[in-house]
Amino acid sequence: MDTFYITTPIYYANSLPHLGHLYTTIVADAVHRYKMQRGFDVFFLTGTDEHGINIQRAAEKAGRSPREQVDLISNELKRLFADFSLDPKNGGYDIFMRTTEPFHYQGVQYLWSEIAKNKTPKDNDTIYKGFYEGWFCAPCAAFKLNDEYFLPEGSEIPRCLIHERDLDRVSEESWFFRLSDYDEFLLQTIENNPEILKPESRRNEVISFIKGGLQDLSISREKTSVSWGIPVPGDDDHVMYVWLDALSNYITALGYGNEREGAPGFEKYWPNTTHLVGKDILRFHTVYWFSFLNAAGLPLPKTVYAHGMWLDADGRKMGKTLGNVIEVDVLHKHFQTDAVRYFCLREMVFGQDGKFSYEALIERANADLASGLGNLLSRTVSMIHKYREGKLPAGKISEENYIHARRAGLDPDGGEIVSVLEHARDEFIRRFDNFEFSQALEDLWAVIARIDKMISDAKPWELVKDEKQAETLNAVLYRSAETLRWPADQVHESGLYKSAN
Ligand code: MSP
């Protein structure tokens with residue numbers, strides 16, 4: 001059986017998640033179910049990123065220990081995911097990864113040692129000790145280059161362009177990763193391998209970042225300034241940079257570098273890995289992650305797919321800083337799970353930004369789910385009850401009745417409807433495999449519209465009055481029911497509609 005490994009980012013355990021976080025897990029969950037239907041052995045990871053200064057500060061502010069803070073948020077997140085049927089009980093994720101798990105500590109420390117053992121592509125030491133002096137943004141968990149911050153008027157402390165918050169001045173001893181030696185490797189990898197970074201539009205952005213020149217990366221903090229982290233092997237005075245710690249979760253979860261019992265297997269799942277990430281963290285998942293993996297002598301993931309951002313009605317990115325977030329609990333209280341899940345896949349073109357509004361969510365739920373799919377289902381079921389005592393009849397029309405069927409606007413041998421459906425199925429699969437979820441659903445809903453039209457043209461309420469049209473009516477009911485079964489259950493099925501005749 002072919003394997004397929006899908007991951008979401010692991011979410012910071014500093015505060016409660018919002019729609020932006022729920023979104024990626026909903027998308028990953030849909031891909032997970034789809035790939036299972038297609039016969040893959042799938043492993044699906046989501047979880048929480050639990051170390052670093054930002055979490056340490058959030059805990060202090062709330063009067064909790066960091067451990068209490070991360071336990072609280074990860075439990076809340078699990079509860080919210082369960083509310084949206086994303087948990088294992090509902091066929092959702094296989095692992096909720098937490099970077100405070102002891103097996104993760106073991107795995108990351110092993111990874112660090114592996115990296116340290118090797119040379120860079122330009123034959124230098126991969127890791128070296130130095131001194132870091134610069135500006136650090138706690139919410140980004142990133143050191144900021146000159147063009148990534150600004151100086152507000154009358155202040156001496158610069159602010160991050162993304163979060164518009166004061167940066168921290170860092171001036172301390174640090175371990176460095178020699179990222180500057182990986183530019184050629186990265187360019188070659190990304191330019192020669194269109195699968196590895198998607199969508200196409202994001203590739204150039206990453207390529208030009210690399211071409212702009214890579215600086216070595218500080219990958220540790222002194223324990224006296226950040227205590228909540230994983231110790232650097234052989235240097236207890238330092239904890240690891242939180243992105244190195246966090247990115248490694250994708251492999252430690254599979255069992256890399258640790259002895260976790262029941263681990264699903266790095267060799268088994270890693271070769272066909274897809275990371276889904278927001279475009280704001282693409283650089284970490286390509287430039288940094290690809291280099292760390294290469295430095296450790298490990299193969300790269302197959303695809304990193306960057307999605308767009310949910311914006312508010314005014315077009316501003318939804319986030320805690322602006323205070324314009326849609327809270328997951330609120331969504332759950334007022335909307336059905338399936339409406340939110342459908343909306344996430346249908347409304348946002350995967351890869352592009354999308355605006356959120358309650359009006360759009362209500363409109364989608366009403367138009368597509370209630371009036372479209374729901375109405376067709378209830379119409380079909382009630383006609384089967386009313387006209388055929390609740391039993392779905394066979395759909396075959398005998399040749400002597402072809403003429404009557406044609407009169408009711410029905411294609412007698414079903415050939416036309418089968419080709420519409422098979423075309424929709426092929427398009428659906430093509431689109432879904434390509435992460436074009438919104439367009440895949442559009443194809444499916446075109447089928448619903450087609451069947452609605454078949455019913456309106458045939459007018460079953462008139463067919464029932466005419467004995468000669470008994471088979472035509474049967475065919476209308478059969479085709480309608482069978483079409484509904486298909487998207488609900490077996491989109492990938494190949495013998496579609498064959499039993500109709
Ligand atoms: N902890 C890191 C990820 C480490 S992965 C090894 C992190 N966490 S986060 O909680 O800040 O963000 C997680 C994800 O949520 C990111 O992919 C980010 O793009 C996504 N989103 C945050 N706000 C969002 C929107 N408004 N819209 C869509 N996704 C958004 O980064």
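All values below come from the heavy atoms of this structure, side chains included, with hydrogens, waters and symmetry mates left out. Residue indices begin at 1 and follow the sequence shown. What you see is a predicted model, and the numbers here were worked out from it, not measured in a lab. Just so you know, ligand 1 is whichever comes first in the structure, and atom 1 is the first atom listed for that ligand.
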Original post:
Does the side chain of E50 pick up a donor-acceptor pair with the side chain of T100 at under 3.5 Å?
Top reply: yes
Original post:
Going by distance only, is there an N or O of A246 that falls short of 3.5 Å from an N or O of ligand 1?
Top reply: no
**OP:** Identify the protein heavy atom lying closest to atom 13 (C) of ligand 1, giving its residue, its atom name and the separation to 0.1 Å.
**Re:** Y11 CD2, 3.5 Å
Original post:
In terms of side-chain geometry, is the basic nitrogen of D368 or R364 positioned less than 4.0 Å from the acidic oxygen of its partner?
Top reply: yes
**OP:** Apply ring-ring contact (aromatic ring centres under 6.0 Å, His included) to the pair H32 and Y93, showing each step before the final yes or no.
**Re:** CA-CA 8 Å; H32 170 231; Y93 57 78; 9.3 Å; no
Original post:
Does N249 reach ligand 1 with a nitrogen or oxygen that is under 3.5 Å from one of the ligand's nitrogen or oxygen atoms?
Top reply: no
Subject >> Close N or O approach (Y23, ligand 1; < 3.5 Å) >> reply: no
Original post:
Is there at least one pair of N or O atoms, one from G319 and one from ligand 1, spaced under 3.5 Å apart?
Top reply: no
Original post:
Taking 4.0 angstrom as the limit, do D166 and R159 come out as a salt bridge?
Top reply: yes
**OP:** Report the member of H21, K317, H307 with the shortest heavy-atom distance to atom 15 (O) of ligand 1.
**Re:** H21
Subject >> Donor on one side chain, acceptor on other, Q336 and D338, under 3.5 Å >> reply: no
**OP:** Please write down residue, atom name and distance for the protein heavy atom closest to atom 7 (C) of ligand 1.
**Re:** Y12 CE1, 3.4 Å
Original post:
Under 30°, 30 to 60°, or over 60°: which ring-plane class applies to W243 and H285, parallel, tilted or perpendicular?
Top reply: perpendicular
**OP:** Give yes if a backbone or side-chain nitrogen or oxygen of H285 is under 3.5 Å from a nitrogen or oxygen of ligand 1, and no if not.
**Re:** no
Original post:
For atom 18 (C) of ligand 1, what's the nearest protein heavy atom and its distance?
Top reply: D280 OD1, 3.5 Å
Original post:
How about F143 and Y132: are their ring centres within less than 6.0 Å of each other?
Top reply: yes
Original post:
Which residue supplies the protein heavy atom nearest to atom 6 (C) of ligand 1, what is that atom called, and how far is it?
Top reply: Y250 OH, 3.5 Å
**OP:** State if T24 counts as touching ligand 1 under the rule of any non-hydrogen atom under 4.0 Å.
**Re:** no
Original post:
If you round to the nearest 0.5 Å, how far is CZ of F428 from CG of D443?
Top reply: 8.5 Å
Original post:
Are the ring centres of F103 and Y105 closer than 6.0 Å?
Top reply: no
**OP:** Output the list of atoms in ligand 1 that are nearer than 4.0 Å to some heavy atom of D49, sorted by atom number.
**Re:** 1 (N), 2 (C), 4 (C)
Original post:
Which atoms from ligand 1 have a heavy atom of G278 less than 4.0 Å away?
Top reply: 17 (O), 19 (O)
Original post:
How close does the nearest protein non-hydrogen atom get to atom 23 (N) of ligand 1, and which residue and atom is it?
Top reply: H18 CE1, 3.4 Å
**OP:** Name the closest protein heavy atom to atom 16 (C) of ligand 1, giving the residue it belongs to and the distance to 0.1 Å.
**Re:** I281 CD1, 3.7 Å
Original post:
Distance under 6.0 Å and angle within 45° of the ring axis: does R221 meet both against F136?
Top reply: yes
Subject >> Top protein contact for atom 27 (N) of ligand 1, by heavy-atom distance >> reply: W310 N, 2.8 Å
**OP:** For G308 and ligand 1, answer yes if some heavy atom of the residue is under 4.0 Å from a ligand atom, otherwise no.
**Re:** yes
**OP:** Could you say whether the N/O atoms of P9 and ligand 1 ever approach to under 3.5 Å?
**Re:** no
Original post:
Under 3.5 Å, is there a donor-acceptor pair linking the side chains of H104 and T99?
Top reply: no
**OP:** Please say whether more than 12 non-hydrogen atoms of neighbouring residues, nucleotides or ligands are located less than 6.0 Å from NZ in K302.
**Re:** no
**OP:** May I ask whether F284 places a heavy atom under 4.0 Å from ligand 1?
**Re:** no
Subject >> Atoms of ligand 1, numbered as shown, that sit under 4.0 Å from any heavy atom of G20 >> reply: 15 (O), 20 (C), 21 (N), 24 (C), 25 (C), 27 (N), 28 (C), 29 (N), 30 (C)
Subject >> Sub-3.5 Å N/O-N/O distance, V277 and ligand 1 >> reply: no
Subject >> Closest protein heavy atom (residue, atom, distance) for atom 3 (C) of ligand 1 >> reply: I10 O, 3.2 Å
Original post:
Counting only N and O atoms by type, is there a donor-acceptor contact under 3.5 Å from the side chain of R341 to the main-chain atoms of F84?
Top reply: yes
**OP:** Classify the ring geometry between F350 and H307 as parallel (under 30°), tilted (30 to 60°) or perpendicular (over 60°).
**Re:** tilted
**OP:** Mark up the atoms of ligand 1 that fall under 4.0 Å of a heavy atom belonging to M318, in ascending order.
**Re:** 23 (N), 25 (C), 26 (N)
